Amino acid sequence: MRDAALLLTSCALLCVLLSSSQAARPGQDMRCGACRALVDEMEWAISQIDPKKMIQTGSFRINPDGSQSIREVPLARSEGNLLELMESVCERMEDYGEHTDPSTNRKSYIRVKSRSGEAMDLSEATLDSRVTASLKFACETIVEHNEDEVIEFFAHETDNVKDKLCSKRTDLCDHALKMPHDEL
């Protein structure tokens with residue numbers, strides 16, 4: 001009798017754990033998708049700025065020896081420009097739709113509006129205003145909680161920012177290292 005009660009309790013605990021992990025996954029997929037879309041949108045916005053444009057940063061005070069601590073950095077990757085880009089990046093989450101992988105049932109988010117005005121294949125995407133609102137909210141939360149990390153990565157990193165920021169630094173994506181780099 002005691003073994004049956006222990007078995008029943010173990011089964012109930014296993015069911016609760018499985019159902020809570022299944023319930024947590026959609027939120028995790030949303031946060032991961034928002035982070036990856038954020039990176040894509042930031043990289044695109046940075047690429048639209050002339051790489052030859054420079055900005056002076058540092059202190060404009062004169063040191064005792066008569067020199068100044070000024071250095072020139074590319075405008076596109078300056079902290080001021082990155083902050084400005086981050087203010088509007090989450091608005092572009094409205095340009096994304098949801099895609100469900102049939103084999104894993106995991107959700108990902110793909111761009112459904114072309115930046116150049118070209119027609120896009122939308123057969124793989126589900127368009128839903130609730131999804132885009134949730135994606136935008138997740139993006140805003142990521143920007144709010146990880147502003148310093150986002151600025152640091154875009155100011156200095158150029159390779160695999162999605163994986164480095166979304167998986168390794170913020171742990172928003174547990175499966176991102178298994179996804180192709182052009183997929184959200």
Side-chain angles (χ1 to χ4, degrees), residues 13-49 76 81-154 157-184:
L13 181 61
L14 182 62
C15 288
V16 167
L17 288 174
L18 286 175
S19 66
S20 68
S21 70
Q22 290 295 324
R25 196 179 83 198
Q28 180 186 17
D29 287 348
M30 177 68 68
R31 289 186 301 273
C32 178
C35 184
R36 295 173 69 79
L38 166 80
V39 170
D40 274 349
E41 293 299 324
M42 289 289 291
E43 286 177 338
W44 182 81
I46 289 168
S47 74
Q48 298 306 298
I49 298 171
N81 184 59
L82 293 173
L83 284 168
E84 188 175 317
L85 293 175
M86 283 174 39
E87 287 178 14
S88 63
V89 70
C90 294
E91 297 295 324
R92 292 192 291 275
M93 296 300 120
E94 295 171 358
D95 298 343
Y96 285 80
E98 186 175 69
H99 169 72
T100 303
D101 185 325
S103 62
T104 64
N105 213 28
R106 299 250 11 198
K107 307 249 187 258
S108 61
Y109 301 89
I110 56 175
R111 186 167 250 291
V112 294
K113 292 183 184 173
S114 170
R115 292 183 178 109
S116 63
E118 297 173 8
M120 295 182 69
D121 177 19
L122 303 179
S123 62
E124 298 285 318
T126 304
L127 306 176
D128 184 348
S129 62
R130 291 175 298 195
V131 170
T132 56
S134 296
L135 193 63
K136 180 180 175 187
F137 179 75
C139 176
E140 290 168 344
T141 303
I142 292 166
V143 168
E144 183 179 324
H145 291 146
N146 301 289
E147 182 177 316
D148 293 338
E149 286 87 356
V150 172
I151 290 172
E152 176 187 334
F153 271 91
F154 284 105
E157 295 282 338
T158 56
D159 297 328
N160 290 337
V161 175
K162 279 183 197 172
D163 292 340
K164 291 177 183 174
L165 179 65
C166 299
S167 295
K168 295 178 183 174
R169 179 61 70 88
T170 61
D171 291 329
L172 292 168
C173 301
D174 67 342
H175 60 291
L177 296 175
K178 300 177 188 102
M179 296 173 93
H181 291 293
D182 62 342
E183 182 184 336
L184 285 178

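From a predicted model like this one, the values you see are computed outputs, not experimental measurements. Numbers here simply count residues along the sequence, with the first being 1.
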query = Measuring from F153:CZ to K164:NZ, what's the distance to the nearest 0.5 Å?
reply = 7.0 Å
key: Residues R36, D163: salt bridge by 4.0 Å N-O rule   = yes
task = Could you tell me which non-hydrogen atom of V143 sits nearest to which non-hydrogen atom of M86, and how far apart they are?
result = CG1-CE, 3.6 Å
ask   = Between D128 and E98, is any pair of side-chain heavy atoms under 4.5 Å apart?
value = no
query = With a 3.5 Å cut-off and no angle check, do the side chains of D121 and S123 form a donor-acceptor pair?
reply = yes
ask   = Can you name the closest pair of heavy atoms from G97 and L127 and give their distance?
value = CA-CD2, 4.2 Å
query = Do M93 and E140 come within less than 4.5 Å of each other through their side chains, counting heavy atoms only?
reply = no
key: Exercise: identify the closest heavy-atom pair between A76 and N81   = O-ND2, 2.9 Å
key: Candidates C139, S134, C35 - the one meeting side-chain contact (heavy atoms from CB on, under 4.5 Å) with M30   = S134
query = In Å, rounded to the nearest 0.5 Å, how long is the span from CG of L135 to NZ of K107?
reply = 13.0 Å
task = Apply the test side-chain contact (heavy atoms from CB on, under 4.5 Å) to residues I142 and T170: give CA-CA distance (whole Å), side-chain angles for both, the deciding distance (0.1 Å), then the verdict.
result = CA-CA 9 Å; I142 292 166; T170 61; 5.9 Å; no
Closest non-hydrogen atom pair, C32 against L172 = CB-O, 3.5 Å
key: Atom CD of E84: over 12 foreign heavy atoms under 6.0 Å   = no
message = Ignoring hydrogens, what is the shortest heavy-atom contact between D40 and Y96? Give both atom names and the distance.
response = CB-OH, 4.1 Å
note = Minimal heavy-atom distance between K136 and C90, with the atoms involved, is CG-O, 3.5 Å
ask   = Hey, what do you get for OG (S129) to CD (E94), rounding to the nearest 0.5 Å?
value = 10.0 Å
ask   = Is there side-chain contact between Q28 and R106, with heavy atoms separated by less than 4.5 Å?
value = yes
message = Walk me through whether L82 and V150 qualify under side-chain contact (heavy atoms from CB on, under 4.5 Å).
response = CA-CA 9 Å; L82 293 173; V150 172; over 6 Å; no
ask   = With side chains defined as the heavy atoms from C-beta onward, is the minimum distance between E147 and I151 less than 4.5 Å?
value = yes
ask   = Does the side chain of L165 reach to within under 4.5 Å of the side chain of N146, using non-hydrogen atoms?
value = no
key: Salt-bridge criterion met for E149 and K168 (N-O under 4.0 Å)   = no
Verdict with reasoning, T141 to H145, per side-chain contact (heavy atoms from CB on, under 4.5 Å) = CA-CA 6 Å; T141 303; H145 291 146; 3.4 Å; yes
inquiry  = For the OG1 atom of T132 and the CZ atom of R92, what is their distance to the nearest 0.5 Å?
reply    = 15.0 Å
ask   = Within a strict 4.5 Å, meaning less than it, do heavy atoms of the T126 and T100 side chains meet?
value = no
ask   = Does a side-chain N-to-carboxylate-O contact under 4.0 Å join R111 and D95?
value = yes
